[in-house]
Amino acid sequence: MLPMRGVIVDVDHDLGNREQTIIRLYVRGEDGSVHVIRKEYTPYFYVLSENPEDTVQKIRELSGVKSAEIVERFVRWEKKRVILVRVAHQKYINRIREKIKEMGGECREHDINVERKFLYEHGLEPLGGIDTETLSPVETRVEPVIAAFDLEVYAKDRMPEPDRPENEIIMASWVDSTGRRVVITTKDIERDYVVKVETEAQIISELNRLMREVDPDIVLTYNGDNFDLPYLRERARFLGMRIPWGRDGSEPRIRRGPTGNTTVDIAGRAHVDVFQIVQFMAGIGAINSIHLDLESVYEAVLGKKKVKIKHMDIADQWRSGDLGLLADYNLQDSIACYELGMEFLPLYVELSRITVSPLPNTTRMSASQLVEWTLIRRAFKMGKVVPRKPREEEVRARMMETYQGAFVKEPVPGLHERIVVLDFRSLYPTIIISHNVDPDTANAPYCSRENAYVSPVGHYFCKEPKGLIPGMLEEVLELRFALKDKLKKMDKDDPDYKPLYAKQKALKIVANATYGYLGFARARWYCKVCAEAVTAWARHYIKKVMKWAEEHGFTVIYGDTDSVFIKLGEDQTLEDALAFMGWVNERLPKPMALDFDGYYVRGIFLSKRRSGKAAKKKYALIDKKGRLKITGLEYVRRDWAEIAKEVQAKVLEYVLKEGDVKKAVDYVKRVIADVRAGKIPKEKLIIYTQIQKELDRYAARGPHVAAALKAMKRGVHIEPGMIIGYIITKRGSSISDKAELAQFVREGDYDPEYYVEHQIIPAVLPILEELGYDERALKQDAGQRSIFDFT
DNA sequence: TAATTCGCTAGACCGA
DNA sequence: TCGGTCTAGCGAA
């Protein structure tokens, strides 16, 4: 093979080889060719021992050990003599570990896989450039070949099973970066993208052919982990076929996790299940959509609509319906999956490079894993031995430890004008950096308190040397701030804009999750003392800024964690507030800094519903352009009916934009009358709630549980994690009795009193009450006849 | 099985 | 029937 430059699209090791550990790098070259580079690798791990000289001798005698030598590495803050053990093959590691444990040695890094170690040692990154001759990193840009596919399966009234003959694959669509857009099916359909074949088996062979000929580096699916790929593989088997999609001719490998969830790997290609990405993005709030099905997400993320056919209707459509529509739907599934994949890939390419993890791993990682792999890579660079994972009993003990979090100032309820919001830029990360907060500097014996930062709760952190975590964060933040500056000056159409934007976003995700990681019971670098100190400093600094603001003559009306809401006096301007911000920034330890978050002409802070005291985390602001920013109110909650949210937003608009409370009250009265008249359409009455555990494990049977139980009796499948939508109907005594899944409720069948008393009034009354109105004002003439109407 | 704590609110539940 | 307490869910940061 000629030496060349390219991009690493996947890395694995040859599972079939039981003699040697062979690392395989799959490289897409600058000229578009694909190469597999095979390199023998000797796996290694470390052993900590009281008496390394003795232990190393004993280890050398164990079978399967290739070599053992004493090396110097950092174990926490100390430079120590540790044993580096190299083994002949991966498969020996567990047995050798057991033996070493018996000798009293402690193993480290045995659970860090060989692919990553190989990449660390060569300074390589997945989706980064490589010179195939020297195996060293190079700067290059190569576009990987990307494909998406989707199956439609014939299933009537029940989940399809691959070994039931009638549950056949009736259609498959394929979309790729070379421009192909096809639907393969066995019926004649009037669409120019349809390829007609004779049998189900031929649909599968056609997919096999596409995989071989297009040879994609990245294969995108939407829920391919749990449906399309396992089903296709099993169905092929049922038909006596194979799907040799791996670049080594292997079939997709299905790995089952502890929850029954599966991951499907295709050797040499990166199988990216876009649904996994979507779930993660929804979890961190980057996607705001109640439902995560392909149609909803396609619209929420890209603002595009596509055809939706319910799973249950596919069989009917296939037998006697509109085949063209079914084909459109199937093709659009692949197109939507492909486009969503393209939207998120730049971000995940960067996460793969930061964490030095292949794309199939990164796209399935939790926030803690992203942080941890970033730290593991850095530990390797610094010659630090990676701490082991905690044992189950340690995890349980850690979960018992709690600590105090952020400070939230009690607001001054009511209307306010001319509000300036200042907030700390990346507060927790900058505290960690400026105070060298790290598990290895925390209360460490090697420094005195004079050479340490002492937190407000008394923990101290040695100033030197720079800890692993502050070091990582410093690098991440510096890079990110530099990128953001660069992006500001760039044209959004610049081809570099998107990858750079993705990179800063990837850095943000890792930086933001790092504090939480310190308090996460399963973390290798768990440090409760650190997390506790971070929040203590955060409380200290935010209170200090509030105090300084008051001393500068400003009125502080609210603040939460890292923000300060300043109300300008008559003789104060925005510039005064910004000057104050500059003054503060000169006094904060670097890189801590206050930022200007926004200026709002008016805002309302509410009182708590039952006690009447000021409510935290509930307010609405309006800016100069008339844009509302609603925080914490029912409007932003999915477990409130649309009708209540809509009315609340309108009321806020009348009050904040037009300053017309009377108009708001009249409007609410009209809506209440409509509700009582039964005029509200079904969709606006649905309340969405997540079922968080098995239904029989609920101690309190709330409306959502009651609705779910009733639905289950009617044959609906309910499982933890599902978001269900229910409506409070007319039939029943308690609210739970009246709750029914929306799909079983007829238009007009709702309990008007529930929606008035438990949805609309609670959503608007706290707002109106701040402005001097009470409940009676809403009820007068609100469609409810007064006694005089009858006389 | 996989970032944290703070805070609000609804509705069931329970005992007087 | 009332009022306090507990369970549950979701959002802010």
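Being a predicted model, the structure only gives us computed values, none of them experimental. Chain letters run A, B, ... following the sequence lines, proteins first and then strands; every chain starts at 1.
- Taking side-chain N and O atoms only, A/Gln692 has a distance below 4.0 Å to OP1 or OP2 of C/dG9.
- Residue A/Lys608 places at least one side-chain N or O under 4.0 Å from the OP1 or OP2 atom of B/dC8.
- Within the 4.0 angstrom heavy-atom criterion, no nucleotide atom of any strand lies near A/Ala531.
- We find that NZ of A/Lys409 is positioned 17 Å from C1' of B/dC6, with the value rounded to whole Å.
- Rounded to a whole Å, the CD atom of A/Glu410 is 16 Å from the P atom of B/dC6.
- As a whole-Å value, the separation of A/Lys617 NZ from B/dT5 P is 13 Å.
- Across B/dT4, B/dT9, B/dA3, the shortest atom-to-atom separation from the side chain of A/Ser368 is found for B/dA3.
- Here A/Lys693 reaches the OP1 or OP2 of C/dA8: one of its side-chain N or O atoms lies under 4.0 Å away.
- Set against C/dA13, B/dA10, B/dC6, the side chain of A/Tyr619 has C/dA13 as its closest nucleotide.
- Ring pair A/His435/A/Tyr541: centre-to-centre distance below 6.0 Å.
- For the C1' atoms, the distance linking B/dA3 with C/dA12 amounts to 15 Å, nearest Å.
- Closest to the side chain of A/Tyr403, from the set C/dC10, B/dC8, B/dT5, is B/dT5.
- Within the 4.0 angstrom heavy-atom criterion, base atoms lie near A/Glu392.
- At the phosphate of C/dG9, OP1 or OP2 sits under 4.0 Å from a side-chain N or O atom of A/Tyr698.
- Proximity of A/Tyr754 to the phosphate of B/dG11: a side-chain N or O atom is located under 4.0 Å from OP1 or OP2.
- In this structure, A/Lys738 forms no cation-pi arrangement with A/Tyr754, as its terminal cationic atom is not both closer than 6.0 Å to the ring centre and no more than 45° off the ring axis.
- An OP1 or OP2 oxygen of C/dC10 is reached within less than 4.0 angstrom by a side-chain nitrogen or oxygen of A/Arg638.
- Checking C/dA13, B/dC6, C/dT7 against every side-chain atom of A/Val408, the shortest atom distance belongs to B/dC6.
- Taking for each of A/Ala699 and A/Gly405 the nucleotide of DNA chain B with the nearest heavy atom, the 5'-most of the two is the partner of A/Gly405.
- Under the 6.0 Å cut-off for aromatic ring centres, A/Tyr600 and A/His416 do not qualify, their centroids lying 6.0 Å or more apart.
- Aromatic pair A/Phe605/A/Tyr558: ring centres closer than 6.0 Å.
- A/Tyr688 has its OH atom 14 Å from the P atom of C/dG11, to the nearest Å.
- Of all nucleotides listed (B/dT9, B/dT5, B/dG11), B/dT9 comes nearest to the side chain of A/Lys618.
- Distance CD1 (A/Ile284) to P (C/dA12): 15 Å, rounded to an integer number of Å.
- Phosphate contact (OP1/OP2 of B/dA3, side-chain N/O of A/Ser366, threshold under 4.0 Å): present.
- With distances taken from any side-chain atom of A/Arg701 to the nucleotides B/dC6, B/dC13, B/dT4, the minimum falls on B/dC13.
- The base of B/dA10 lies close enough to the side chain of A/Arg610 for a donor and an acceptor atom to sit less than 3.5 Å apart.
- When rounded to the nearest whole Å, the span between CD1 of A/Ile767 and P of B/dC8 equals 17 Å.
- Seen from the ring of A/Tyr698, A/Lys693 counts as a face-on cation partner, given the 6.0 Å and 45° thresholds.
- Residue A/Arg609 places no side-chain N or O under 4.0 Å from the OP1 or OP2 atom of B/dC8.
- The aromatic rings of A/Tyr348 and A/Phe280 sit perpendicular to each other, their planes meeting at more than 60°, with 30° as the lower class boundary.
- Separating the OH atom in A/Tyr750 from the CD atom in A/Gln759 is a distance of 12.5 Å, to the nearest 0.5 Å.
- Taking side-chain N and O atoms only, A/His704 has no distance below 4.0 Å to OP1 or OP2 of C/dA8.
- Atom-to-atom, CZ of A/Arg398 to C1' of B/dT4 comes out at 15 Å; the value is rounded to the nearest Å.
- Relative to the side chain of A/Thr631, the nucleotides C/dA13, B/dG7, B/dT4 differ in distance, and C/dA13 lies closest.
- Look at A/Ser736 and you'll find a side-chain N or O under 4.0 angstrom from OP1 or OP2 of B/dA12.
- We find that CG of A/Leu695 is positioned 14 Å from C1' of C/dA8, with the value rounded to whole Å.
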